[in-house]
Engineer: 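Before I ask anything, let me first share the structure, which is written out below as structure tokens.
The residues of the chain are indexed from 1 along the displayed sequence. Read the numbers this way: they start at 1 and go in the same order the structure lists the ligands and their atoms.
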Amino acid sequence: MADKKKDPKDDDDYDFFAPHPHPTKVRVKNSFFNMVPDAFSGKSIDFKEDPRRTPTKKPNKNIADAPEEEKKEEEKKEEEAPPVEEKLEAEAIVIQEANPWDQSDTSAQSRLFLKGGRIVNDDQSFDADVYIEDGIIKQVGNNLVIPGGSRTIDARGKLIMPGGIDTHTHMQLPFMGTFAVDDFYSGTKAALAGGTTMIIDFVLDQKNVSLLEAYDKWRNWADGKVCCDYGLHVGVTWWSDQVSKEMEVLCKEKGINSFKVFLAYKDVFMLEDDEVYQTFVRCRELGAIGMVHAENGHLIAEKSQEMIARGITGPEGHEMCRPEEVEGEAVNRAVTIASQANCPLYICKIMSRTAANALANSRRKGNVVFGEPIAASLGTDGTHYWNKCWRHGAGHVMGPPLRPDSTTPGYLMDLLANNDLQVTGTDNCTFNADQKALGKDDFRKIPNGVNGVEDRMSVIWEKGVASGKMDPCRFVAVTSTNAAKIFNIYPQKGRIAVGSDADIVIWDPKATRTISAKTHHQAVDFNIFEGMTCHGVPEYVITNGHVVLDEGQLRVTQGMGRFIPTPCNSEIAFSRIRERERTCQPCKVERDGYDGPVAKIDGNAPEMITKTSNPILSADAGSDKFNSHCRPTTSSGGRNLHDSSFSLSGAQYDDKQAKRPSTRTLNPPGGRSDGIW
Ligand SMILES: [Zn+2]
């Protein structure tokens, strides 16, 4: 440890935190706090009173691959997740003193002692030990007093980091007539193998399906299968009063704080701009985050037909019918709509430089926007669509697509390192070769989706940290902490601190592994990172206090993960929004009323302000009624001179008049333009 002073525990009056940020709160005397400067002040929360906290699940006894020692654990009565409350009370923040001798209702197997590692949080790293009991981090520091019977894990030379949070997965998604092969079991198992201890999946059903029914469907799929904790976003694929009401129920009773709209997938998931606006207004009212799939669905529909007409039916057509501009335009549009609705916006899947720049520029203008590049866009590129092997190309098909500009991954990593982008997901949505082959003669029928949930952490470490673009703290921020903050589960998740969930990865930054579909834990038969050697390997992975990856051995328990409710009004998204709501309302100008004469409407006067009076829109432009003017005539019947007689559509009011022959003027007024030089 860098800062080793004389042992402060000898001095009962030692007051490391003076002046304390919460002077009325319980003060800490336990020695371990004093050993790590600034590590714990105000960062520990007593979760006992936290309504969000669901009890730690004990492993299912009847699951074959449950570890032996965990099977012995006493079955604890599991309670339903309590309803979500609006916000943690500030008063709930206390510095919690763990009582290492309180052994009630815990068994030795749930006690873990991580010794000798370096803790990495998003804001600092320091050498300290960690003591875990019953799924919760109970002590962090040096010279901890540990009860007997704890398992000790030697973490010397390793980094102890918050487990990854994958913000974007689609396990067993029904899509394009088939189901994604990685379900909530194999998907979360693979996540844990790679150091990710929580996923946030999408409830995504067809138009006109009740959002609440869809939510129940996904909960039923997930609850019995997940090996790690999970949360849910809900897709809004249609708009109505019913949808608006159900959004409120989802926020207030079901633990949802994010809704996704699609600007692509025309006729399937896509909403029009006015519906997107209304969804975002509703999100802001509820304290939920608006999410968007940003691509122009109308353009894609047109251009994909053009590709087919040209005989381009392979995976390259998938990229060419939706180039970068199509993504960038939609990012700009989404930002504009969200800004008008004063709604915080989260852009899923940043795949191109154009989209990333649009997002970064909007942040510089003050918009509350977050951007999510994914493992695929950070780790590989779209040149694969041109691969001669059809299966190889199709294996990379996803929307928005990877970009053929091979500098894209490095560029996105630069922006991620410098906080122009903030979070990383994967859009993990996997299909086997035979499923991808549904589109063997027409790229439009290739199911969209790639892997990533297992490899995200290693790929980002390799391309971000091992390349020198970001430090380990930033790595933790973009793989875990920022997601926890945006979706309002921080510091329960996303931090190594007393009171936080024991979702931990013990990371070996020096070890390497080579990614391959032959060795990965996902159900899919293809891996877009095939052959990539990554530095940074998880040596141990701990979820809810259980060691699931143990020196390379994966031992998971189906159904052991919990649904984590995500409360509304996350601070990082809504503190600015609420202030703007208060201070930035449009105001009317107070003025004396106009008391002069007002023209009478003459019912017989020709209505000039109509669509048909404009040649751009006129259906009868060739008739005698043709009139290019939008403004009414003057009171004497003459043409309103404020009205332009020129039309941008190309058709002009005098098109039908005979053109006079061209006139050549040898010496025009002002002089000739040639001959000067
Ligand atoms: Zn997705």
Engineer: Could you tell me whether any N, O or S atom belonging to His168 is less than 2.8 Å from the Zn ion (ligand 1)?
Structural biologist: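 For His168, the answer is yes, given that an N, O or S atom comes within less than 2.8 Å of the Zn ion (ligand 1).
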Engineer: Taking the six-membered ring for Trp and the single ring otherwise, decide whether the centroids of His293 and Tyr265 are under 6.0 Å apart.
Structural biologist: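 Close enough - the centres of the two rings lie under 6.0 Å apart.
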Engineer: Distance check below 2.8 Å: does His293 bring an N, O or S atom to the Zn ion (ligand 1)?
Structural biologist: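 No, His293 does not qualify, because none of its backbone or side-chain N, O or S atoms lies under 2.8 Å.
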Engineer: How about Trp507 and Phe475: are their ring centroids closer than 6.0 Å?
Structural biologist: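 They qualify: ring centres under 6.0 Å apart.
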Engineer: Which value, rounded to the nearest 0.5 Å, describes the distance between Asp122 atom CG and Met161 atom CE?
Structural biologist: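 Answer for the CG-CE pair, Asp122 versus Met161, is 12.5 Å.
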Engineer: Give a rough value, rounded to 10 degrees, for the angle at the Zn ion (ligand 1) between atoms NE2 of His170 and OD1 of Asp427.
Structural biologist: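 Output for this angle: 90°, rounded to tens.
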Engineer: Would you say that Cys568 contacts Phe574 through its side chain, given a criterion of any heavy-atom pair below 4.5 Å between the two side chains?
Structural biologist: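 Cys568 does not reach Phe574 side chain to side chain.
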